[in-house]
Novice: 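This is the structure, below, for whatever I ask next.
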Amino acid sequence: MRPLIAAALALTFATAAAAQPPAQERFGANQPTSAGADQTKALEFAGGRIFQATGFGNTFLVTTKAGNVIVDTSLPTNAARHHALLTAVSSAPIKDIILTHAHGDHTGGVGVWKGPGTHIVEQANSVEFRNYQVRLAGFFAVRNAAQYNAPVGGLGGGRANLNPGNYAAPPLADVLFDKEYKFKLGDLTFDCLSAPGETPDMLNVWIPELKALFIGDNYYASFPNMYTLRGTLTRPALNYVQSIDKVLALKPEIVLPSHGVPIVGAENVQRTLKQYRDAILYVHDATVRGMNQGKDAFTLMKEIKLPKELEVGEGYGAISWSVRGIYEGYAGWFDTDPATMYATAPLEAYAELVRVAGGAGPVAARAEALVASDPALALRLTSAALAAEPKNPAALTARQHALEKLLAASKNSNESGWLHAGLNKVEAARK
Ligand SMILES: [Zn+2]
């Protein structure tokens with residue numbers, strides 16, 4: 001998962017007492033790789049034992065009397081900058097690299113940190129999780145590029161559209177563990193705990209001496225991206241809930257997410273993470289209730305809203321995508337309409353309807369009329385019009401207007417990314 005963090009804010013939160021700003025202030029527009037780019041000094045926490053280099057994926061350095069430990073390594077594009085910021089704090093040898101999960105914005109800098117005696121620690125599900133990502137490398141490369149408005153491979157993935165095999169990811173870890181892996185280094189204990197949430201291989205790191213917990217991507221300043229549009233299995237809501245409950249029971253005084261800034265103060269941690277957990281549980285339970293009542297996914301996407309006290313922002317994940325993700329995560333794709341059983345795509349039927357309606361022109365005109373009041377419906381109509389006549393100028397223009405209207409209203413970076421991608425396709429279709 002790859003939240004977009006506003007670069008300019010990175011340096012503002014160096015002090016322990018910093019209050020949490022609203023989510024929308026911490027998520028920038030489409031600048032995925034630039035978070036923290038202007039950082040000149042590592043952020044310092046836990047009485048000068050933990051340091052953060054900020055990025056699209058933070059890198060953390062923990063100092064001990066017997067050497068240093070790195071938690072997460074960011075994207076390849078951030079690795080050299082993070083290395084410079086953190087080695088300016090301490091140049092002691094790196095004894096261990098702990099990777100909270102096997103997403104590229106956490107593992108991309110391993111090469112710059114690993115020395116001859118460095119151990120890499122991961123949760124055991126990282127093996128299959130990495131294979132899954134490599135298996136679908138071509139699929140993800142194109143989708144990541146669209147979502148993040150970047151060139152294909154430009155986020156550090158860089159893989160060709162080939163499947164090198166079903167189990168082809170090269171191994172990375174020296175230590176793989178199932179539930180827990182605890183080790184002592186110098187004066188600190190590193191308790192690595194399996195914490196499935198955003199990914200099945202997520203781990204949290206608890207340092208009891210500092211009452212510090214690294215939560216990986218199981219928390220960031222937005223409702224979680226429980227279903228990500230770039231493509232994923234739905235990330236099980238109840239996994240997040242259980243993993244966050246385990247964090248709460250440890251009573252940390254600081255929780256360090258791999259995107260954004262730490263949650264500081266025992267009470268603040270409890271309040272923030274309880275609200276986050278309860279928001280996830282609310283959306284899950286409301287979806288399950290609706291499913292048991294026989295409601296369809298689209299109805300529930302419209303119906304389910306968080307109560308005011310559980311609003312955690314939707315700058316990255318969105319409630320409606322999570323609702324559909326939970327629904328289809330439990331039930332799969334079949335919607336009970338017998339038509340859905342067959343390979344005839346909805347767009348094939350749309351095109352027939354458009355022809356019956358007199359062609360793309362009249363449908364485009366109706367779409368244009370709907371842009372102001374219901375741009376999402378207008379967008380659907382242009383999909384239909386273009387299914388019949390892919391180059392119809394009026395349909396392309398109506399589609400552009402619908403996308404622009406939705407973009408102007410969007411406060412979600414992933415939504416904005418895909419709306420931009422849609423506009424790029426309109427532009428390409430005009431050529
Ligand atoms: Zn991430």
Side-chain angles (χ1 to χ4, degrees), residues 1-7 10 23 26-28 30-37 52-60 70-79 81-82 97-110 113 122-123 125-126 129-130 132-133 140-141 143-145 147-150 154-157 172 195-205 213-235 239-240 243-244 247 255-263 276 280 312-313 315-318 321-322 412-414 417:
M1 177 349 331
R2 295 170 165 179
L4 315 181
I5 312 295
R26 287 193 274 159
F27 289 84
N30 293 298
Q31 296 181 311
T33 54
S34 67
Q52 173 180 325
T54 301
F56 186 56
N58 300 325
T59 304
F60 297 101
I70 294 293
V71 179
D72 281 347
T73 64
S74 196
L75 287 167
T77 46
N78 289 328
R81 182 172 67 77
H82 285 194
I97 299 169
I98 304 172
L99 299 170
T100 62
H101 60 296
H103 272 151
D105 53 330
H106 301 259
T107 62
V110 165
W113 290 106
E122 293 187 294
Q123 201 278 338
N125 291 333
S126 62
F129 189 65
R130 193 170 280 116
Y132 150 77
Q133 293 182 100
F140 286 132
R143 291 229 188 169
N144 282 336
Q147 180 161 321
Y148 296 106
N149 200 19
L155 293 165
L172 188 62
E198 182 168 289
T199 62
D201 67 326
M202 192 71 66
L203 66 83
N204 289 172
V205 189
L213 185 124
F214 296 87
I215 198 167
D217 283 5
N218 280 356
Y219 169 82
Y220 36 75
S222 164
F223 194 82
N225 204 24
M226 206 173 276
Y227 173 77
T228 177
L229 302 176
R230 66 192 166 81
T232 187
L233 291 165
T234 301
R235 298 152 171 181
N239 281 1
Y240 283 96
S243 292
I244 291 170
V247 172
V255 166
L256 301 108
S258 292
H259 295 274
V261 293
I263 313 168
Y276 203 64
I280 294 167
V312 294
Y316 196 65
W321 307 335
S322 299
N412 179 292
S413 58
N414 290 316

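Each ligand, and each atom within it, is numbered from 1 in the order the structure gives. We count residues from 1, following the sequence as given.
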Novice: Test of understanding: with side chain to side chain donor-acceptor pair (under 3.5 Å), list the residues that count as partners of Asp201, not counting sequence neighbours.
Specialist: Thr199
Novice: Can you tell me if an N/O/S atom from His103 lies under 2.8 Å from the Zn ion (ligand 1)?
Specialist: no
Novice: If you take the centroid of each ring, where Trp contributes its six-membered ring, are Tyr220 and Tyr276 closer together than 6.0 Å?
Specialist: no
Novice: Is the distance from the Zn ion (ligand 1) to the nearest N/O/S atom of Asp217 under 2.8 Å?
Specialist: yes
Novice: Closest to the Zn ion (ligand 1), which N/O/S atom of Asp105 is it?
Specialist: OD2
Novice: Taking the six-membered ring for Trp and the full ring for Phe, Tyr or His, determine whether the centres of His259 and Tyr316 are under 6.0 Å apart.
Specialist: no
Novice: Does Asn412 have any side-chain contact (heavy atoms from CB on, under 4.5 Å) partners at least two apart in sequence or in another chain, and if so, which?
Specialist: Ala318, Trp321, Ser410, Asn414, Glu415
Novice: Only N/O/S atoms count here: what is the atom of His259 closest to the Zn ion (ligand 1) called?
Specialist: NE2
Novice: So, the side chain of Asn78 versus the backbone of Ser74: is there a donor-acceptor pair under 3.5 Å, distance only?
Specialist: no
Novice: Tell me which N, O or S atom of His106 sits nearest to the Zn ion (ligand 1).
Specialist: NE2
